[in-house]
Amino acid sequence: MVRLSGANVHDSRMLQSLVQALPAVAGLSGRPRKRPGKLHADKGYDFPCHRQWLRQRGIGVRIARRGVESRERLGRWRWVVERTLGWLHRFRRLRIRYERRADIHQGFLSLACTLICLRYVDKFC
């Protein structure tokens with residue numbers, strides 16, 4: 001899932017809308033999961049309101065605390081995000097935004113994610 005926001009909007013303002021927009025994921029048995037089991041985030045998301053909201057929804061919170069924990073503890077999980085951004089930056093049109101309209105840029109972003117998934121599936125199938 002990919003969401004688009006303004007350049008001057010902090011990422012933490014979109015946290016709740018992103019978690020709510022997650023689709024249900026079917027497992028091996030039982031009902032599909034409608035929420036993640038745990039959320040990993042860096043110090044930029046360390047706000048009491050986010051922690052409280054996630055706990056109320058039954059989502060485990062693993063957010064690095066400002067001034068307490070070092071950033072290296074989330075290195076393994078952060079690498080996944082950085083790798084995905086690197087894959088998206090292979091598409092030069094997305095590296096620098098040329099489109100004025102958000103719907104066109106969202107379309108290119110969705111197309112890039114689809115191509116990344118297709119290449120990933122082709123590699124293993």
**Item:** Whether over 12 other heavy atoms sit under 6.0 Å from Arg100 CZ
**Value:** no

**Item:** Nearest-0.5 Å distance, CG of residue Leu39 to CG of residue Leu18
**Value:** 10.0 Å

**Item:** Tyr98 with Leu111, same ILVMFWY side-chain cluster at under 4.5 Å
**Value:** no

**Message:** Going by side-chain hydrogen bond (donor to acceptor under 3.5 Å, both in side chains), name the pairs with one or both residues in residues 101-120, residues two or more places apart or in two chains.
**Reply:** Arg101-Asp103

**Message:** Please report the interatomic distance SG(Cys49) to CG(Leu54), rounded to the nearest 0.5 Å.
**Reply:** 9.5 Å

**Request:** Could you pull out the closest heavy-atom pair between His40 and Lys38, with the gap in Å?
**Result:** NE2-CD, 3.4 Å

**Item:** Path from Ile104 to Phe91 over hydrophobic side-chain contacts below 4.5 Å
**Value:** yes

**Request:** Could you tell me whether the side chain of His50 and the main chain of Leu15 form a donor-acceptor pair under 3.5 Å?
**Result:** no

**Request:** Looking only at non-hydrogen atoms, find the nearest pair between Ala112 and Leu94 and report the distance.
**Result:** CB-CD1, 3.4 Å

**Prompt:** Can any side-chain N or O of Arg93 pair as donor or acceptor with the backbone N or O of Phe108 at less than 3.5 Å?
**Reply:** no

**Request:** Given side-chain contact (heavy atoms from CB on, under 4.5 Å), test Arg66 with Phe47 step by step and report yes or no.
**Result:** CA-CA 9 Å; Arg66 282 184 251 153; Phe47 296 104; 3.4 Å; yes

**Request:** For Arg13, enumerate each residue passing the side chain to side chain donor-acceptor pair (under 3.5 Å) test, keeping only those at least two apart in sequence or located in another chain.
**Result:** none

**Fill in**
Heavy-atom nearest pair, Gly58 first then Arg35, reads O-NE, 3.9 Å

**Request:** Report the distance from atom CG of Asp122 to atom SG of Cys117, rounding to the nearest 0.5 Å.
**Result:** 11.0 Å

**Message:** Can you give me the closest heavy-atom contact between Lys34 and Ala24, atom names plus distance?
**Reply:** CG-CB, 4.2 Å

**Request:** Please confirm whether Arg51 makes a cation-pi placement over Tyr45, using NZ or CZ under 6.0 Å from the six-membered ring centre and within 45° of the ring normal.
**Result:** no

**Request:** Treating Ile, Leu, Val, Met, Phe, Trp and Tyr as nodes and any side-chain heavy-atom pair under 4.5 angstrom as an edge, say whether Leu115 and Leu88 lie in one connected cluster.
**Result:** yes

